[in-house]
Amino acid sequence: QVQLVESGGGLVQPGGSLRLSCAASGRGVSFYAMAWYRQAPGKQRELVATITRIGSTNYADSVKGRFTVSRDNAKNTMYLQMNSLKPEDAAVYYCNAGRLGDSYWGQGTRVTVSS
């Protein structure tokens, strides 16, 4: 019913920036809340940022002040602007969309932070 495709991951130096995108499609997807999660090897998947349909946002303490989540409802796309990247930010980043009774995931995009 809903498909999510992440893009924008890659290799970046510590202190650098990267912007991730999540393109969404499917019936009613514009009415879903959306979120970014990440998972590093050997660690649990963690919530990074959330955004409602009307643009209310929340962030994990570890990324507060460095990351910005946004969405363009006309394009059904969510973004994650990541600044001042640290090695501990390296992970596979996943897009999530959900509402009552539904939850969907993208395939993930890998972010590597290394000199």
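It should be emphasised that the depicted structure is a prediction, and the values quoted were computed from it without experimental measurement.
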(request) Considering non-hydrogen atoms only, spot the tightest contact between E6 and G108 and give its length. (result) OE1-N, 2.9 Å

(request) Find out whether Q13 and S114 are in side-chain contact, i.e. whether some heavy atom of one side chain is under 4.5 Å from a heavy atom of the other. (result) no

(message) Would the distance check show the side chain of R71 and the main-chain N or O of T52 forming a donor-acceptor pair, the cut-off being under 3.5 Å?
(response) yes

(message) Between Q1 and Y104, do the side chains contain a donor N or O and an acceptor N or O under 3.5 Å apart?
(response) yes

(message) Counting C-beta onward and ignoring hydrogens, is there a side-chain heavy-atom pair between N83 and F67 closer than 4.5 Å?
(response) no

(message) Do L11 and V92 sit in one hydrophobic cluster, given that two such residues count as connected whenever their side-chain heavy atoms are within less than 4.5 Å of each other, even indirectly?
(response) no

(message) Looking at every non-hydrogen atom in both residues, tell me the closest pair between N96 and S103 and how far apart they are.
(response) ND2-OG, 3.1 Å

(request) Walk me through it: do V69 and M78 pass the test side-chain contact (heavy atoms from CB on, under 4.5 Å)? (result) CA-CA 7 Å; V69 63; M78 176 178 65; 4.0 Å; yes

(message) Tell me if the CD atom of E46 is crowded by more than 12 foreign heavy atoms within 6.0 Å.
(response) yes

(message) If you count heavy atoms of other groups shown closer than 6.0 angstrom to CZ of R110, is the number above 12?
(response) no

(request) State, yes or no, whether a side-chain contact exists between M82 and L20 at a heavy-atom distance under 4.5 Å. (result) yes

(message) Any heavy-atom pair between the side chains of Y59 and V48 that's under 4.5 Å?
(response) no

(message) On a heavy-atom basis, which atom in V5 and which in Q107 lie closest, and how many Å separate them?
(response) CA-OE1, 3.7 Å

(request) Determine whether more than 12 heavy atoms belonging to other residues, nucleotides or ligands lie under 6.0 Å from atom CD of E88. (result) yes

(message) Nearest 0.5 Å, please: how far is CZ in F31 from CZ in R99?
(response) 8.0 Å

(message) Between S25 and N76, is there a side-chain donor-acceptor contact under 3.5 Å, judged purely by atom types and distance?
(response) no

(message) Grouping I, L, V, M, F, W and Y whenever their side-chain heavy atoms are under 4.5 Å apart, do Y79 and L4 come out in a common cluster?
(response) no

(message) With heavy-atom distances below 4.5 Å as the criterion, would you say the side chains of R38 and S62 are in contact?
(response) yes

(request) Start with the C-alpha gap between T68 and L80, add the side-chain angles, then the distance that decides, and say whether side-chain contact (heavy atoms from CB on, under 4.5 Å) holds. (result) CA-CA 6 Å; T68 303; L80 185 66; over 6 Å; no

(message) As an exercise, state the distance from SG of C22 to CD1 of I51, rounded to the nearest 0.5 Å.
(response) 11.5 Å

(request) Kindly indicate whether the side chain of S7, heavy atoms from C-beta on, has any atom under 4.5 Å from the side chain of T109. (result) no

(request) For the residue pair C95 and M34, establish whether any side-chain heavy-atom pair is separated by less than 4.5 Å. (result) yes

(message) When you compare the side chain of D89 with that of R66, does any pair of heavy atoms fall below 4.5 Å?
(response) yes

(message) Quiz question: by atom type and distance under 3.5 Å, do the side chains of Y37 and R45 form a donor-acceptor pair?
(response) no

(request) Check Q81 against S17 and note the closest heavy-atom contact, atom names and distance. (result) NE2-CB, 4.0 Å

(request) Show your reasoning for whether side-chain contact (heavy atoms from CB on, under 4.5 Å) applies to Y93 and Q39. (result) CA-CA 7 Å; Y93 284 71; Q39 188 168 24; over 6 Å; no

(message) As a quick check of understanding, evaluate side-chain contact (heavy atoms from CB on, under 4.5 Å) for T50 and T57, giving each step before the final call.
(response) CA-CA 5 Å; T50 63; T57 60; 5.9 Å; no

(message) Parallel, tilted or perpendicular, judged at 30° and 60°: which one describes the rings of W105 and Y94?
(response) perpendicular

(request) Considering non-hydrogen atoms only, spot the tightest contact between N73 and S30 and give its length. (result) OD1-O, 4.5 Å

(request) Determine yes or no for a side-chain-to-main-chain donor-acceptor pair under 3.5 angstrom, with N58 supplying the side chain and A49 the backbone. (result) no

